[in-house]
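Here is the structure we will look at.
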Protein chains: 2
Amino acid sequence: METGQREDQRAATQRRRTQLLEAAERVVLRDGPEASMNAIAAEAGITKPILYRHFGDKSGLYRALAKRHTDALLATLRTALDSPGDRRDRVEATLHAYLSAIETRPQVYRFLMHPAETPSDEKGFDVGRHSVPLLRRMGEDLGEVIAERLDLGPDTREVARVWGHGIVGMMYAAGDWWLGERPLSRDLLVRHLADLLWGRLAETGDRAGSRGL
Amino acid sequence: METGQREDQRAATQRRRTQLLEAAERVVLRDGPEASMNAIAAEAGITKPILYRHFGDKSGLYRALAKRHTDALLATLRTALDSPGDRRDRVEATLHAYLSAIETRPQVYRFLMHPAETPSDEKGFDVGRHSVPLLRRMGEDLGEVIAERLDLGPDTREVARVWGHGIVGMMYAAGDWWLGERPLSRDLLVRHLADLLWGRLAETGDRAGSRGL
DNA sequence: GACTGCTGTTACCGCAAGTAACTAGCATGT
DNA sequence: ACATGCTAGTTACTTGCGGTAACAGCAGTC
């Protein structure tokens with residue numbers, strides 16, 4: 001039947017693609033990032049070569065998979081960064097947003113952060129750099145926001161980028177550790193991190209008998 | 001010949017082990033972490049099963065390999081943390097020590113930070129936790145130092161751990177980004193990071209026309 | 001009817017991790 | 001002298017994964 005032109009085809013292909021991605025996600029969340037292509041194909045009810053037609057190779061599939069969550073997380077953080085209140089409120093809201101995200105779905109988090117890549121050759125340099133790891137993208141984004149909103153003198157852009165990556169790294173490492181051990185509440189963690197960013201390290205006096213940090 | 005007792009045997013085994021580790025290191029530094037056990041064995045002039053006798057499996061070998069560099073780096077940082085000067089000097093010295101280390105031997109760094117682990121089962125929980133990733137160990141160590149030297153009130157230990165992991169993460173992410181792009185000198189990078197830790201984020205005024213960070 | 005472009009298949013290659021079974025040297029206990 | 005035990009070493013194998021032909025069926029288009 002003359003159902004449609006080429007657009008229908010393309011749309012159908014896209015739908016199939018997202019179906020495959022959803023199957024892949026189910027498997028990855030169940031088996032971890034070392035899930036085999038066979039397992040993913042089986043979950044989707046098909047066989048390997050189709051996955052390869054859609055995504056090129058395994059890293060292509062994983063990149064597509066990562067992009068969805070990465071975009072979602074970045075949007076969430078962006079919202080938090082625009083939340084009402086003073087600067088400290090915004091920073092705490094952003095930390096909360098991030099920690100809440102990784103706390104809610106730790107498996108997704110592990111997948112995004114420890115992708116167990118096996119690229120080896122990387123012919124050319126893939127123009128669409130969706131593959132830029134999450135940390136970098138978060139760092140760059142935060143750097144831009146900082147540069148937009150703060151006046152840090154002549155090298156504002158430079159400083160802002162450093163801070164963006166630095167703050168993101170702080171959030172990342174503290175979050176990773178916290179997620180593993182959960183030695184305190186999220187509220188407290190956020191407060192301590194914000195205290196650190198607010199210069200409490202510089203203000204605090206040495207402990208008696210110590211040579212000072 | 002009655003060369004020796006059992007101690008000689010054990011010592012010889014240890015020597016052999018470090019020889020194998022050195023061969024493995026050569027290969028990993030040349031081929032990256034995806035080096036095959038066959039390649040490593042060949043470099044050492046032997047065949048696979050011997051590697052497996054010494055290290056159990058691939059991750060065992062990699063853990064042993066990582067431990068050497070991890071210990072060395074931690075010792076370096078510890079020294080920097082004890083360097084003379086005021087607190088800011090020490091912090092900057094530590095940042096310099098870390099950045100200098102990763103700058104000097106980026107391949108080692110990549111190996112340590114992105115080990116491409118394939119554990120999958122982890123039978124029991126290996127008591128000797130040499131495998132604790134570098135970031136965690138650095139964070140814990142720094143946390144201890146902070147708790148030793150600073151008085152942060154009743155929850156000093158808690159706060160110190162958070163800060164330890166946070167600062168290490170800051171150093172890590174900024175260093176990783178910097179190592180890839182090198183957009184500024186190491187000196188400047190260190191200064192900006194120290195500024196961040198010294199509360200400049202809180203002190204700086206909003207940019208005109210911005211809603212404030 | 002021939003062409004294109006998608007869906008899907010089976011059957012294979014190459015290669016890496018890991019294991020089984022076996023041999024050879026060498027120091028020790030009897 | 002002989003057996004024991006411990007190490008270093010081997011060849012040859014199994015299993016499983018990423019990835020790739022080569023092929024078949026089913027739309028709609030010219």
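We name chains A, B, ... by the order of the sequence lines, and we start the count at 1 in each one. All heavy atoms count here, side chains included; hydrogens, waters and symmetry mates do not.
- In this structure, A/Lys58 atom NZ and D/dG16 atom P are separated by 15 Å, rounded to whole Å.
- Going from atom CZ of A/Arg17 over to atom C1' of C/dT7 covers 16 Å, rounded to whole Å.
- Both the sub-6.0 Å distance and the 45° axial angle are not jointly satisfied by B/Arg186 relative to the ring of B/Trp178.
- When the ring-ring contact (aromatic ring centres under 6.0 Å, His included) test is applied to A/Trp163, no partner is found at least two apart in sequence or on another chain.
- Remark: B/Arg78 engages no residue in a side-chain hydrogen bond (donor to acceptor under 3.5 Å, both in side chains) (not counting sequence neighbours).
- Residue-level contact check: A/Ala39 touches neither bases nor backbone, having no heavy atom under 4.0 Å from any strand.
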message = Set out, in order, the CA-CA distance, both residues' side-chain angles and the distance that settles side chain to side chain contact (heavy atoms under 4.5 Å, CB included) for A/Met138 and A/His165, then state yes or no.
response = CA-CA 8 Å; A/Met138 289 199 295; A/His165 287 283; over 6 Å; no
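- Regarding B/Asn38, its CG atom lies at a distance of 13 Å from the C1' atom of C/dG14, rounded to whole Å.
- Taking atom CE of B/Met37 as the reference point, atom C1' of D/dC13 lies 17 Å away to the nearest angstrom.
- The residues A/Glu92 and A/Arg191 are annotated as not salt-bridged, no charged nitrogen and carboxylate oxygen being separated by less than 4.0 angstrom.
- Using cut-offs of 30° and 60° on the angle between ring planes, the pair A/Tyr109 and A/Tyr98 is perpendicular.
- For the pair A/Tyr52 OH and C/dC13 P, the interatomic distance rounds to 17 Å; values are reported in whole Å.
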Identify the pairs formed between an N or O of the protein and an N or O of nucleotides 8-10 of chain C at a distance under 3.5 Å, and give each distance.
{"unit_1": "C/dG8", "atom_1": "OP1", "unit_2": "A/Arg16", "atom_2": "NE", "d": "3.3"}
{"unit_1": "C/dG8", "atom_1": "OP1", "unit_2": "A/Arg16", "atom_2": "NH2", "d": "2.9"}
{"unit_1": "C/dG8", "atom_1": "OP2", "unit_2": "A/Arg16", "atom_2": "NE", "d": "3.2"}
{"unit_1": "C/dG8", "atom_1": "N7", "unit_2": "A/Arg53", "atom_2": "NH2", "d": "2.4"}
{"unit_1": "C/dG8", "atom_1": "O6", "unit_2": "A/Arg53", "atom_2": "NH2", "d": "3.0"}
{"unit_1": "C/dT9", "atom_1": "OP2", "unit_2": "A/Thr47", "atom_2": "N", "d": "2.8"}
{"unit_1": "C/dT9", "atom_1": "OP2", "unit_2": "A/Thr47", "atom_2": "OG1", "d": "2.3"}

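- One can place CD of A/Glu34 at 16 Å from P of C/dA17, the figure rounded to the nearest angstrom.
- The interatomic distance linking B/Ile40 (CD1) with C/dA16 (P) rounds to 11 Å, in whole Å.
- Between the CZ atom of B/Phe55 and the P atom of D/dA8 there is a distance of 11 Å, given to the nearest Å.
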